[in-house]
Amino acid sequence: MPELPEVETIARGVNKSLRGDRIVEGWFSSYPQPFKTPPSKQASGLANRTILAVHRTGKHIVFELGVPDRSTAHADSESGRDAGNADPGSSRAAPPDAHSSDAQWIVHLGMTGRLLVAKPECVPAPHTHARLTLASGLELRFVDPRRFGRLEFRNLARHAAFQRPGAEPLEIGAKQFAALFRERHLPIKAALLNQSLLSGVGNIYADESLFHAGIRPRRRTDRISVSEYTRLRQAMRQVLRHAIRLGGSSVSDYVDADGERGFFQVEHCVYQRTGEPCRCCQTPIRRVLVAGRGTHYCPNCQR
DNA sequence: CATTTCACCTGGTGGC
DNA sequence: TGCCACCAGGTGAAAT
């Protein structure tokens with residue numbers, strides 16, 4: 001589900017709700033699959049840190065975290081919550097500053113991952129693999145039925161900051177975009193899905209971008225002209241920006257951090273419209289396999 | 001090395 | 001109703 005527009009929507013939502021909040025403690029399920037960092041290390045690494053900012057890079061959500069607030073940890077364990085609350089220097093007094101980030105929590109949602117801001121009394125969904133309790137009283141929950149998602153904690157004193165593997169689709173220039181693909185020899189759809197080239201485009205937005213550019217998904221990257229790449233980049237930018245404005249695509253169960261569905265699925269021209277008439281020329285949309293993924297295109301509009 | 005295929009998971013859907 | 005095959009937004013390891 002989560003491609004660039006969905007991940008962007010979730011990151012914005014979490015940032016809005018939790019920026020400046022403090023992580024009191026983390027709970028992680030015993031399944032090893034969703035974790036790049038062992039659960040115990042994530043829990044101890046996250047505790048008592050302030051969330052300075054939450055942002056998207058590629059398909060990853062990155063939490064920028066401040067240094068652990070030891071005074072709060074002591075106050076909580078020795079003299080109860082009152083001491084922490086009475087101290088104006090603790091909890092939310094300091095303005096969040098992402099540049100002073102001391103650690104990062106990196107969330108990848110895989111196919112079915114969700115990140116939800118919830119009230120603690122709200123019953124957790126099945127397949128909830130992580131819960132962070134926050135000083136505000138809210139909870140952040142990571143839910144992921146298929147367990148393709150990944151959670152990682154990085155202490156920046158000892159590890160480099162997270163970097164997306166490829167270029168950012170909304171930042172790359174026209175010249176670099178064409179250069180990225182022209183010397184390769186694979187179907188353009190496969191190239192668009194390769195995150196080490198371009199980070200953020202997935203199955204939905206690859207198909208939609210190729211439709212709007214009028215390019216067939218099986219065309220090889222080395223046989224597409226520079227002017228076609230200019231069109232493709234333009235189409236991709238417009239599709240991604242429009243999808244972000246509509247809160248992403250809710251194909252089956254995608255929801256944002258507040259549990260709200262997106263609306264870009266209504267605008268899909270080809271994705272999961274096999275056999276339905278093209279919105280442009282009425283030709284039935286065709287489905288084929290490219291790079292092992294279901295791929296949808298209009299045989300008339302795309303050449 | 002570049003490219004392609006497949007395994008990793010659970011759940012929903014549609015055919016018989 | 002039950003059983004089964006097939007499909008799903010992603011990625012990285014293994015095979016070619």
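Chain letters run A, B, ... following the sequence lines, proteins first, then strands; residues in each count from 1. Bear in mind that the values here come from a model prediction, so they are computed numbers and not experimental data. As a basis for the values below, the full set of heavy atoms in this structure was taken, side chains included, without hydrogen atoms, waters or symmetry mates.
Taking atom NE2 of A:His185 as the reference point, atom C1' of B:dT3 lies 10 Å away to the nearest angstrom. One interatomic measurement links the two molecules: CD1 of A:Ile204 to C1' of C:dA8, which rounds to 10 Å at whole-angstrom precision. Remark: P of C:dC6 and CG of A:Leu289 are 12 Å apart, rounded to the nearest angstrom. Summarising the geometry, the separation between CG on A:Leu193 and P on C:dT11 is reported as 9 Å, rounded to the nearest angstrom. If you take CE of A:Met111 and P of B:dA7, they are 15 Å apart, rounded to a whole angstrom. For the pair A:Arg293 CZ and C:dC6 P, the interatomic distance rounds to 18 Å; values are reported in whole Å. The OH-C1' distance, from A:Tyr205 to C:dG10, rounds to 15 Å in whole Å. Rounded to whole angstrom, the span from the OH atom of A:Tyr271 across to the P atom of C:dC7 amounts to 13 Å.
For C:dA14 and B:dC9, the P atoms lie 15 Å apart once the distance is rounded to whole Å. Annotation: B:dT5 and C:dC7 have their P atoms spaced 16 Å apart (nearest Å).
In this structure, A:Gly202 reaches the sugar-phosphate backbone alone: every heavy-atom distance under 4.0 Å involves primed, P, OP1 or OP2 atoms, never a base. At a threshold of 4.0 angstrom between heavy atoms, the contacts of A:Arg150 with the nucleic acid are absent. Across all strands, A:Arg220 comes closer than 4.0 Å to no nucleic acid atom at all (heavy-atom distances). Residue A:Pro165 is out of contact with every strand shown, counting any heavy-atom pair closer than 4.0 Å.
You'll find a donor-acceptor pair under 3.5 Å spanning the side chain of A:Arg146 and the base of C:dA8, going by distance alone.
Applying the Watson-Crick and G-U wobble criteria (two distances, each under 3.5 Å), C:dG2 pairs with B:dC16.
Between the side chains of A:Glu6 and A:Tyr205, at least one donor N or O lies within less than 3.5 Å of an accepting N or O. Side-chain contact annotation: A:Thr9 with A:Asp256, donor-acceptor N/O pair under 3.5 Å absent.
Between A:His108 and C:dT11, a side-chain N or O to OP1/OP2 separation shorter than 4.0 Å is present. When the side-chain nitrogen and oxygen atoms of A:Arg184 are compared with OP1 and OP2 of B:dT3, one or more of them lie within a distance under 4.0 Å. OP1 or OP2 of B:dG11 lies within a sub-4.0 Å distance of a side-chain N or O belonging to A:His127. At the phosphate of C:dA8, OP1 or OP2 sits under 4.0 Å from a side-chain N or O atom of A:Arg287.
A:Arg49 contributes no side-chain N or O that, together with a main-chain N or O of A:Ile23, makes up a donor-acceptor pair within less than 3.5 Å. When atom types are taken as modelled, the side chain of A:Arg70 and the backbone of A:Asn48 share no donor-acceptor pair closer than 3.5 angstrom.
Side-chain proximity of A:Pro145 to B:dT3, B:dG11, C:dG10: nearest is B:dG11. The side chain of A:Leu186 approaches B:dT4 more closely than any other nucleotide in the set B:dA2, C:dA8, B:dT4. Which of C:dT11, B:dA2, B:dC9 sits closest to the side chain of A:Phe148 comes down to B:dC9.
Electrostatic pairing of A:Arg154 and A:Glu152 counts as a salt bridge here, judged by a charged N lying under 4.0 Å from a carboxylate O.
Using the six-membered ring where Trp is involved, A:Phe162 and A:His60 have ring planes that are tilted, between 30° and 60° apart.
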